[in-house]
Chemist: 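Handing you this structure, nothing more for now.
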Amino acid sequence: RSVRKFTDRKIPPAVLDACLDLALLAPSSCNLQPWEFHVVQSPDKKKKLVEACMSQNAATTAAELIVVVARTKNWPEIARLNIAQWPQEKIPKHWKDFYTSGVKFTYWQGPFYSIGAVKKAGTQVAGLFRPMPRGPVTKSDMRVWAIKSVALAAENLMLAFRAYGFDSCPMEGMDEVRVSKLLDLPRDAEVVMVIGAGERASDGVYFPRVKFDRKNFVRYV
């Protein structure tokens, strides 16, 4: 759960690295892993990041601040890594074919997303006759595609901190433009959240957990 105030205790570097490694084990669409974790430790950058997070307690008291970023255009590089992990004489043909042509067909949208528009029209027609994936075919589709996988990795990171005896707070209350400029992120990078992590302070949980009847959220159909 979100912990909004931390003690002065540092997170050991080995623990931080272990938690980040566990975050990277999260599942992702087509194993394209569209995430980046920017661990902000420079005192100057950390001060500016705290300000960009509205100087809330979860940022000002955190031992570590980690900016979780989604990338929408680095899939070609990760596709190549999926191929490169295999010894070339042992790589399965279906794997190589998928990461050389299948991935490009799915995620390349062309200049100004013109190819995406063509694919959208084609899938709409084909979908009249059989089940069809309907995207991603637009810029917003690619953004949603990346953020879905990145959110899974962010949850892995938070659970990993808890497993090591630390807590965290995912923050959406921040100035994404300032955070992006601070980290000099590329144009396709989307700041998903900033995670503050550290040891839970005695008053770090502000309110009891508020839960509602599961009938509001769970549907059996």
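In this text the structure is predicted, and so the values were computed from the model without any measurement. Along the sequence shown, residues carry numbers from 1.
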Chemist: According to a hydrophobic-cluster definition based on side-chain heavy atoms being under 4.5 Å apart (Ile, Leu, Val, Met, Phe, Trp, Tyr only), do Phe98 and Leu81 belong together?
Modeler: yes

Chemist: Using atom types as modelled and distance alone, determine if a side-chain donor or acceptor of Thr123 lies under 3.5 Å from a backbone N or O of Lys120.
Modeler: yes

Chemist: Look at Asp188 together with Lys73 and state whether they make a salt bridge at an N to O cut-off of under 4.0 Å.
Modeler: no

Chemist: Is there a donor in the side chain of Ser29 and an acceptor in the side chain of Trp145, or the other way round, less than 3.5 Å apart?
Modeler: yes

Chemist: Using modelled atom types only, decide if a donor and an acceptor are shared between the side chain of Ser168 and the backbone of Ala197 within a distance under 3.5 Å.
Modeler: no

Chemist: Would a distance-only check, ignoring hydrogens and angles, find a side-chain to backbone donor-acceptor pair under 3.5 Å from Asn82 to Asn31?
Modeler: yes

Chemist: Would you say Tyr99 ends up clustered with Trp108 if hydrophobic residues are merged whenever their side chains have heavy atoms under 4.5 Å apart, either directly or through other cluster members?
Modeler: yes

Chemist: Kindly compute the distance separating OG (Ser28) from CH2 (Trp35), expressed to the nearest 0.5 Å.
Modeler: 4.0 Å

Chemist: Is it true that Val194 and Leu159 fall in one hydrophobic cluster, defined by side-chain heavy atoms closer than 4.5 Å?
Modeler: no

Chemist: Could you see if Val40 belongs to whatever hydrophobic cluster contains Met193? Use Ile, Leu, Val, Met, Phe, Trp, Tyr and a side-chain cutoff under 4.5 Å.
Modeler: no

Chemist: With no hydrogens and no angle check, is any side-chain donor or acceptor of Asp97 less than 3.5 Å from a backbone partner on His94?
Modeler: no

Chemist: Under the 3.5 angstrom rule, does the side chain of Asp184 hit a backbone N or O of Lys181 as a donor-acceptor pair?
Modeler: no

Chemist: Leu16 and Phe161: side-chain contact (heavy atoms from CB on, under 4.5 Å), yes or no, with the steps?
Modeler: CA-CA 8 Å; Leu16 176 61; Phe161 278 128; 3.9 Å; yes

Chemist: Testing Lys10, Lys5, Arg9, Arg162 for salt bridge (charged side-chain N to carboxylate O under 4.0 Å, His left out) with Glu199, which one passes?
Modeler: Arg9

Chemist: Do Val67 and Met174 share a hydrophobic cluster, counting only Ile, Leu, Val, Met, Phe, Trp and Tyr and linking them when any side-chain heavy atoms are less than 4.5 Å apart?
Modeler: yes

Chemist: Run the side-chain contact (heavy atoms from CB on, under 4.5 Å) test on Val39 and Glu64 for me, step by step, so that the C-alpha distance in whole Å, both residues' side-chain angles and the decisive distance to 0.1 Å come before the verdict.
Modeler: CA-CA 7 Å; Val39 185; Glu64 298 289 348; 3.8 Å; yes

Chemist: List the steps and the verdict of side-chain contact (heavy atoms from CB on, under 4.5 Å) for Cys30 and Trp75.
Modeler: CA-CA 10 Å; Cys30 295; Trp75 55 264; over 6 Å; no

Chemist: For the backbone of Leu182 and the side chain of Arg178, can you confirm whether one donor and one acceptor N or O come within less than 3.5 Å of each other?
Modeler: no

Chemist: So, taking the atom named CG in Leu25 and the one named CG in Leu20, what distance separates them when rounded to the nearest 0.5 Å?
Modeler: 11.5 Å

Chemist: Quick one: does Ser114's side chain have a donor or acceptor within less than 3.5 Å of a partner on Gly110's backbone?
Modeler: no

Chemist: Do other residues, nucleotides or ligands put more than 12 heavy atoms under 6.0 Å from the CG atom of Asp203?
Modeler: yes

Chemist: So with a 6.0 Å cut-off around CZ of Phe217, is the heavy-atom count from everything else above 12?
Modeler: yes

Chemist: Does a donor on one side chain and an acceptor on the other come within less than 3.5 Å for Asn57 and Tyr206?
Modeler: yes

Chemist: Apply side-chain contact (heavy atoms from CB on, under 4.5 Å) to residues Arg1 and Val205 and explain how you reach the verdict.
Modeler: CA-CA 9 Å; Arg1 63 164 304 164; Val205 176; 3.5 Å; yes

Chemist: When you compare the side chains of Ser140 and Tyr113, does any donor N or O come within less than 3.5 Å of an acceptor on the partner?
Modeler: no

Chemist: Measure from the side-chain N and O atoms of Lys48 to the backbone N and O of Pro43, and report whether any donor-acceptor pair falls under 3.5 Å.
Modeler: no

Chemist: With distance as the sole test, does Thr61 use its side chain to make a donor-acceptor pair with the main-chain N or O of Phe6 at under 3.5 Å?
Modeler: yes

Chemist: Give a yes or no on this: more than 12 heavy atoms of other residues, nucleotides or ligands lie within 6.0 Å of atom CD of Glu172.
Modeler: no

Chemist: Starting at CG of Leu24, measure out to SG of Cys19 and round the result to the nearest 0.5 Å.
Modeler: 11.5 Å

Chemist: Does Ile147 offer a backbone N or O that forms a donor-acceptor pair with the side chain of Glu190 under 3.5 Å?
Modeler: no

Chemist: Which distance, rounded to the nearest 0.5 Å, do you find between the NZ of Lys119 and the CZ of Phe105?
Modeler: 6.0 Å

